[in-house]
Structure formats: C-alpha cells, structure tokens
Protein chains: 2
Amino acid sequence: MLGMARAATTADAFNAVAEPRRRQILDLLAGGERPVNDLVAQLHLAQPVVSKHLRVLREVGLVGVRDHGRQRLYRLEGQPLKPIHDWVKNYERSWSQRFDRLDVVLEELKENKEEHDGDDK
Amino acid sequence: MLGMARAATTADAFNAVAEPRRRQILDLLAGGERPVNDLVAQLHLAQPVVSKHLRVLREVGLVGVRDHGRQRLYRLEGQPLKPIHDWVKNYERSWSQRFDRLDVVLEELKENKEEHDGDDK
DNA sequence: TTGACATATGCCGATATAGGTATATAATGC
DNA sequence: GCATTATATACCTATATCGGCATATGTCAA
C-alpha cells in the first residue's frame, strides 16, 4: 500500500476537531440546536462550506440532525470527544504547577479511572 | 489566496496530535527523555519516519531536544496541549452525568469564545 | 404550478501530508 | 584518516483536504 497520506478528517474525533471552523461550529451548537443558516450567519462562511463541515462532524458522530420543515436542525453529540479528553488529561501535570507531585497525580488518575468505570452505561 | 487545503500539521497542537503515531511518541516520552532509536524500536517504524514526526512535534513545541554525544535526546513539553484540554473540558457534560449544570457550562464557553476572537486573521 | 427559500452535492485547483528509499550530516572510536 | 553509529533531510507517489462556484434536491406558500 504505497502513497498513504494524512488520515481522513472523518477517521477520528481528533482529526475532525483539528479544523478550527469545526470547533467553532461545535461551540455554537453547544448553545442548543440550530439550523444551518444560523451557523452560516455567525461563521461568515459560505453555506456549502458549512454543510460540508457538518457532514464531517456527522460522520464522526459529533453532531446529530433532525428535520424541521425546510430546515435541518443540528445538535451537539459530545461523546466522541471523550477519548480526546482522556488522552490530554494525562498530560495535565506537564503544564500545571498543581500536578508536580507525581504520587498525587497517580492517585488522582486511579480515582478517576474508577469513576469512569462507573459511568459506563 | 485560492486553493487553501487542510491546515498544516505544524499549525497547531490540535493538528500535530491528530496523527496517532505522534500521540504514541508523546506517550513514550512521558516516561522520560529518550533517544530517537529507542522510539524507533518501540514504534516499529522506520527511523526517517520517526525523525519526521519528531520534527513536527518540535515545531509546535510539544517536544524539546538535547544533544548527548551522537544521540539526540527528546523530551516531552506538554504546554501546547493545554488549549486542547481547555477546549474539550467544556464538553465534559455531554458525555458525563456528573456535568449537567447547563448554566455553568455556557458561562465557561462564553469566556472561551472571547479568547478565540483574538485568534482571528 | 410556480417561485422562493433551505440545504446538500458535484467538480475544480492548490496544497501538503505519510511513508518509502537513498543520501547527507555529525559524532565516536580505532 | 577511515569505518561505524545515530540522526536528519531530499525526493517520490498517492491521497484527500478546504474553499469557491454551480447545481441538484427538497419544502413551503400563493
């Protein structure tokens, strides 16, 4: 298999969210369900561009859609962001003074793991 | 400027870290300073590939280097991950039952938006 | 039906990515 | 000096991204 390129934007939440416009879209949807034109207006982007970004977000499960008359209402679906959160969280001590006692950090990580185990469906 | 493509991998920590190999490298460096060949051995990747990934990580400030004889010792520099952490943190409630206070979340997002507005251009 | 509105999709061009192979640079030891 | 080790860089190819523009699909209203 020769000529592999960058992973698809739809491969991952990591890849989908690397695009700043897509993050902006999620930030707007965090305020609640919105039709495409609302996003177009707030982002100062052409409508087709927004529709394409929404497609990517839909393919990684970061947004859901619902038909409402001639509009399509998009909503946030945050679950796919959890892996990102879980991954970066382990690096918190590398920028925060609060996490410079290794023993404490490890203890917190362990506690957190247990909480998360309880969260699971 | 026509024909803009995906943002450079070196544009952002977001983009740099979208590549899974690069995340693996950081995970290994979290265990401490390591020479390139150590990483090559653990990742089962060709040496030039690893060197290129390290270059990307260096350009976004996620790793630092230090010469040691003929080796180059790479180390983790986590600060550039903070923006990622800060961003995803606001979405925690969308997957965790523990974060269901909408008002708090919205307030946090608003603060974040003001930061982003400075980014423009 | 016809037309206005809302959204999705098609095609285009410029860019740059990841990995591969070969080679350059650099430090060490004899 | 020369060979060996450690790492970086150059060049290649296949892929796919983002935005622009034109068009298709779909829904409502008179």
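Order of the sequence lines sets the chain letters (A, B, ...), proteins ahead of strands, with each chain counted from 1.
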Quiz item: Closer to the 5' end of DNA chain D via nearest nucleotide, is it A/T10 or B/V50?
Solution: B/V50
Quiz item: Considering heavy-atom distances to DNA chain D, does A/E19 or B/V65 have its closest nucleotide positioned more toward the 5' end?
Solution: B/V65
Once you round it to whole Å, what is the distance between [atom2] of [N] and [atom1] of [X]?
{"X": "B/L45", "N": "C/dG19", "atom1": "CG", "atom2": "P", "result": "6 Å"}
{"X": "B/R66", "N": "C/dA27", "atom1": "CZ", "atom2": "P", "result": "15 Å"}
{"X": "A/H44", "N": "D/dG19", "atom1": "NE2", "atom2": "P", "result": "15 Å"}

Side chains of [X] and [Y]: does their closest heavy-atom pair fall under 4.5 Å?
{"X": "A/Y74", "Y": "A/L57", "answer": "no"}
{"X": "A/V63", "Y": "A/H53", "answer": "no"}
{"X": "A/E77", "Y": "A/L62", "answer": "no"}
{"X": "A/I84", "Y": "B/F14", "answer": "no"}

Quiz item: With the sugar-phosphate defined as primed atoms, P, OP1 and OP2, and the base as all remaining atoms, what B/S/- string results for nucleotides 22-27 of chain D, 5' to 3', for protein heavy atoms under 4.0 Å?
Solution: B----B
Practice problem: Counting heavy atoms from C-beta on, name the nucleotide in C/dG20, D/dA6, D/dT9 closest to the side chain of B/K52. | Solution: C/dG20
Within the structure, does a side-chain N or O atom of [X] lie under 4.0 Å from either OP1 or OP2 of [N]?
{"X": "A/R72", "N": "C/dA8", "value": "yes"}
{"X": "B/H53", "N": "C/dG19", "value": "yes"}
{"X": "B/Y74", "N": "D/dA6", "value": "no"}

Practice problem: With heavy atoms under 4.0 Å as the rule, sort A/T9 into base, sugar-phosphate or nothing. | Solution: sugar-phosphate
Quiz item: Going by heavy atoms closer than 4.0 Å, what residues in residues 21-41 of chain B are next to DNA chain C?
Solution: B/R21, B/R22
Quiz item: So which of residues 54-61 of chain A are in contact with DNA chain C, with a heavy-atom cut-off of under 4.0 Å?
Solution: A/R55
Practice problem: For the pair A/Y91 (side chain) and B/Q79 (backbone), establish whether a donor and an acceptor sit closer than 3.5 Å, ignoring hydrogens and angles. | Solution: no
Practice problem: Could you tell me whether the side chain of B/R75 and the main chain of B/V65 form a donor-acceptor pair under 3.5 Å? | Solution: yes
Self-check item: B/D27 vs B/Q42, side chain to side chain contact (heavy atoms under 4.5 Å, CB included): CA-CA, chis, key distance, verdict
Solution: CA-CA 11 Å; B/D27 288 345; B/Q42 308 228 30; over 6 Å; no
Quiz item: Can you say whether the rings of A/H85 and B/H85 are parallel (under 30°), tilted (30 to 60°) or perpendicular (over 60°)?
Solution: parallel
Practice problem: Enumerate the residue pairs fulfilling salt bridge (charged side-chain N to carboxylate O under 4.0 Å, His left out) with a member in residues 47-56 of chain B, sequence neighbours excluded, ordered by first and then second residue. | Solution: B/R55-B/E59
Quiz item: Can you list every salt bridge (charged side-chain N to carboxylate O under 4.0 Å, His left out) pair that touches residues 11-21 of chain A, not counting sequence neighbours?
Solution: A/D12-B/R23
Exercise. Could I get the full list of side chain to side chain donor-acceptor pair (under 3.5 Å) partners for A/E33, not counting sequence neighbours?
Key: A/R66
